[in-house]
2 protein chains.
Amino acid sequence: MAGKSESETTRLDDAARAGWLYYVVGDTQDEIARKLGVSRQSAQRLVSLAVSEQLIKFRLDHPIARCMELAQMIRAQFDLRMCEIVPSDPAAPFSIAGIAQAGAAEMERVLRSDESKIIAFGTGRALRACVEQLRPMECPQHTAVSLLGNMMLDGSATAYNVIIRFAERINCRHFPMPLPPLARTAHERELFQQQEPVKNILEIAEKADVTFVGIGEIGEAAPMLVDGFITHDEIRALTAAGAVGEITSWVYDKNGELIRGLTNDRVTSAPLHADPDHLRCGIAAGRQKVKAIRAAMKGRLINGLITNEATAEQLLK
Amino acid sequence: MAGKSESETTRLDDAARAGWLYYVVGDTQDEIARKLGVSRQSAQRLVSLAVSEQLIKFRLDHPIARCMELAQMIRAQFDLRMCEIVPSDPAAPFSIAGIAQAGAAEMERVLRSDESKIIAFGTGRALRACVEQLRPMECPQHTAVSLLGNMMLDGSATAYNVIIRFAERINCRHFPMPLPPLARTAHERELFQQQEPVKNILEIAEKADVTFVGIGEIGEAAPMLVDGFITHDEIRALTAAGAVGEITSWVYDKNGELIRGLTNDRVTSAPLHADPDHLRCGIAAGRQKVKAIRAAMKGRLINGLITNEATAEQLLK
DNA sequence: TTGTATAATGAGCAAATACTCACCAAATGC
DNA sequence: GCATTTGGTGAGTATTTGCTCATTATACAA
C-alpha cells in the first residue's frame, strides 16, 4: 500500500510535470517524452491524466460582451450586488459547465482579503464543483461555516461535502453542521437546535460576511427529493402550496417568500436573511432552475448570482 | 477607430468563446467551428488567439507547481540543460530527503537508452543515496566510470562507494579508480597518473556522455575534512584563498574557478570540463551548500542540477 | 473610382495528438 | 501457489491540429 501510494504519487507528479510542460511551457508531447524519458504515448497519457485529474485548471479571463450585458441587465433588474454570467455551450446551453471556474474565482476574490472573514456555505453539485476549482491557498485568517446539516438521517455523511473540502483547500477553521438538514419532527428540530455546539455554529453563521449557496428547484427532479431527504408526497404538497425553489432546504414560493409549515417546520438549517450589507451569492444554472432562481432574487434571498448565458436569458424573460 | 475597436472586441469575444469551448468544455475545433458558424481553420485561429492573448489561463494545481517554477527560473538564470527541484519537507526544509528519488529517476532516464553510454560518477552521500534508489535493471550496454579515487591513504575503501553499487544494480561494466582522491604530493600524483590502468580510466572518464557529481562545501563541516582527506589547516588555507566548494575534490571559488595550488595540486580526480554538449548533473541540497552550488553553476562546472525547494529558493537570492 | 495595403479565408498538407488493441507485470483474491 | 484482475506499455492507426500559401475581402488614400 505504501508502494502503491508511492508509485501513485510519482505518477501524478509526472502527470503534473507533463501538464505543465504541455500547457504552460507549450512543449509538444514528443519533447515532453524526451524530457521525462518516456515514450510519446506515455507522455500523451500523462498529459491527459493531468487534465482528467484536474491537476491543470483552465480559466477564461475575458469579459465576453454578451455575458457582460446580460449580467448588467440582471444586476439592474433584480438589484443585485454582483452578477457573473459565463458563456453557454451552444450544444448544451443549460449545462453547468464553466460555472465552477467562475464561482471559484469569486470565492478567491473574497479569500484574498487580509481581514478575517466568515464565509458560509450551502451545499449542492454546483457549489461542490466550485470548491474543486479553488486553487489551494493559505488562508488561516478566515472561517468557514456550514449553513445546513451534512448528515443523512442514518448519520452517514452526504455526498456533496462542500465545507470540509473548502477548508482543506484553503486551510482555515471550519464548522460543518453535524445534523440532518431536516429533522423528523418540529420537536426534534428544537432538540437539535438546543445543543450547545449547534447553537454556536448557528451564531457563527449569523455573522457570516459572505454566503455561497446553491439553489434547488421543487419538482420531480428536486435535489431534496433525489438526495432522499423528502418524499414524492411532500414534493406534491409543497408544489400545491406554491413552492418553486429551495435554498439550504428552506422552501419558498414564486415571490421568494418562505412556505409556511410543511417541510419548513423541520428545517434545521440556519435561517435565511435578506440583509443587504452582506453578499449572499447563489450559484446555479439550468432551465428547470430558472423559476427558483428568479424567485430567490425577488425575495432577496440572494443578492448575488453566478449563472450562465442561457439561464440568464431565461431569467430576463 | 470605433469600428476597428468594435470588430476587434467581437473577435476577441469569439476567441474567448472558442478558447472556452476548447479548454473548458473540451470540444474539438471542428465542433467549435460548427457552433460558432465559422470554418475549422478560423476556429483554430480563434483558439490560438485565445491562448496567445492570454484569454485562457492555465494553472497547475499540484504540490510540485512551485518546484517547476523554481526549476524554470534556475534553468534560465544559470543556463542549465536540466534542473530538477523536489519539494522540501516543511519540517526540515534543507534535508536531502527526496533528492535520492529524483536523482535515481534522472539516472534511469539515461539508462533507458539503448545506445551505449558512458556514465561518470563523483561521490558523496547524496549520490550514494540516489544509487540506492535505482531500481535494478539490466543495462550491459552502458559503462560506469569513477571520476575520483575511492581509496583512503592507507588503501582501505571509502565509505560512499557509489560506482560499484551502481554497477551492481544495473549490471554494467565499471571502472572504479583505485587511488586516493588526493595524493600526498604533486609528485606522487604524477606517479599515480602514469599508471596504465589509471590512464585508461581517465581516458574513459574524458569521453563520458553523462556525469553525476555531488557538491561539497568548504568549511568546518566540509566532506573532504570530515572524511579525513584534508586537515583543518588546509581548510583554513583554502577558505583564505576564497574557496567555497568542491566537486570530485577539485576546489573552486565563488565564481566556480579552480583555486590555484593548495590541495588542487594533489588532486588525482579526472579534470573538470565545461563541455556544454554533455550533461554534468550536480546533486546536492542544504543551506550550507548554497554558495558551493551557485558557484559551480556560475563556473559551468555543472550544467544540470537536482536539489530541493528550500535550497533552490536560496540559490535565486 | 481605383490602387494599394492589410487582414482574413480556405485548401491542402505535415505534424501532433488520441485512440484501440494486444501484451505484460504487479497486485489481489481464492 | 496459482488464477484473476488491474493498470501500464508500445505499436499501429485514425483523428485532430497547425502551418503555408494562394486567394479574396476590406479599409483607406489618392
Side-chain angles (χ1 to χ4, degrees), chain A residues 1-56 58 89-91, chain B residues 1-56 58 60 101 104-105 108-115 133-139 141 169-171:
Chain A
M1 50 197 176
K4 155 141 196 193
S5 114
E6 171 66 22
S7 75
E8 189 63 18
T9 55
T10 56
R11 183 163 168 79
L12 283 182
D13 281 0
D14 283 347
R17 251 166 240 284
W20 157 275
L21 290 169
Y22 191 68
Y23 290 107
V24 180
V25 178
D27 282 354
T28 118
Q29 299 183 352
D30 242 326
E31 292 171 302
I32 295 168
R34 272 197 300 279
K35 288 185 184 177
L36 264 44
V38 298
S39 71
R40 202 189 53 67
Q41 291 93 326
S42 297
Q44 193 275 321
R45 283 177 188 120
L46 289 173
V47 172
S48 91
L49 185 66
V51 174
S52 67
E53 294 293 318
Q54 308 223 38
L55 271 30
I56 280 281
F58 308 104
D89 178 353
Chain B
M1 201 64 203
K4 156 139 195 196
S5 118
E6 172 64 23
S7 77
E8 192 62 18
T9 55
T10 56
R11 182 165 168 76
L12 283 183
D13 278 1
D14 284 347
R17 245 169 236 282
W20 187 79
L21 289 167
Y22 191 69
Y23 290 107
V24 180
V25 178
D27 283 353
T28 114
Q29 298 182 352
D30 243 326
E31 293 171 299
I32 296 169
R34 273 197 300 280
K35 287 179 182 178
L36 264 47
V38 298
S39 71
R40 195 196 56 74
Q41 290 90 334
S42 299
Q44 194 275 321
R45 284 177 186 121
L46 288 173
V47 171
S48 93
L49 185 65
V51 174
S52 67
E53 294 293 320
Q54 307 224 39
L55 272 29
I56 283 281
F58 308 103
L60 181 60
Q101 286 78 4
E108 284 173 20
R109 213 158 289 160
V110 176
L111 292 171
R112 228 167 285 149
S113 158
D114 282 334
E115 295 166 59
Q133 290 294 324
L134 278 177
R135 84 180 90 189
M137 50 205 290
E138 287 295 314
C139 298
Q141 71 273 30
R169 292 241 144 192
I170 69 153
N171 188 24

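In what follows, every chain begins at residue 1, and chains take the letters A, B, ... in the order their sequences are listed.
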- Note on the structure: Testing D:dT17, C:dC19, C:dG10 for proximity to the side chain of B:Gln29, the answer is D:dT17

- Taking the side chain of B:Ser42 as its heavy atoms from C-beta onward, which of C:dA18, C:dT9, D:dG10 lies nearest to it? C:dT9

- Note on the structure: All heavy atoms of A:Asp14 vs all of A:Leu36, minimum pair found to be O-CD2, 4.0 Å

- Query: Which of the following nucleotides, C:dT17, D:dG18, D:dT16, is nearest to the side chain of A:Tyr22?
  - Reply: C:dT17

- Where is the tightest heavy-atom contact between A:Asp27 and A:Tyr22, given as atom of each residue plus distance? O-CD1, 3.3 Å

- What's the CD-C1' distance between A:Gln44 and C:dA15, to the nearest Å? 15 Å

- Task: Find the distance between CD1 (A:Ile56) and CG (A:Leu49) and round it off to the nearest 0.5 Å.
- Result: 11.5 Å

- Item | Gap between atoms CD1 and P, on B:Ile32 and D:dT15 respectively (whole Å) | 19 Å

- Message: Under 4.0 Å, counting only non-hydrogen atoms across every strand here, what does A:Gln41 touch: a base, just sugar-phosphate, or nothing?
- Response: base

- Message: Rounding to an integer number of Å, can you tell me how far B:Arg40 CZ sits from C:dG10 C1'?
- Response: 10 Å

- Query: Rounded to whole angstrom units, what separation is found between the CD atom of B:Glu31 and the P atom of D:dT15?
  - Reply: 14 Å

- Atom pair distance, as rounded to whole Å: CG in A:Asp30 and C1' in D:dT17: 15 Å

- Min side-chain heavy-atom separation B:Phe58-B:Val51 under 4.5 Å: yes

- For the side chain of A:Arg45, counting heavy atoms from C-beta on, which of D:dT17, C:dA16, C:dC21 is nearest? C:dC21

- To the nearest angstrom, how far is B:Tyr23 atom OH from D:dT16 atom P? 16 Å

- Message: So, does A:Ser39 get its side chain near the phosphate of D:dG10, meaning an N or O under 4.0 Å from OP1 or OP2?
- Response: yes

- Item | For atom CG of B:Asp27 and atom P of D:dT15, their distance in whole Å | 18 Å

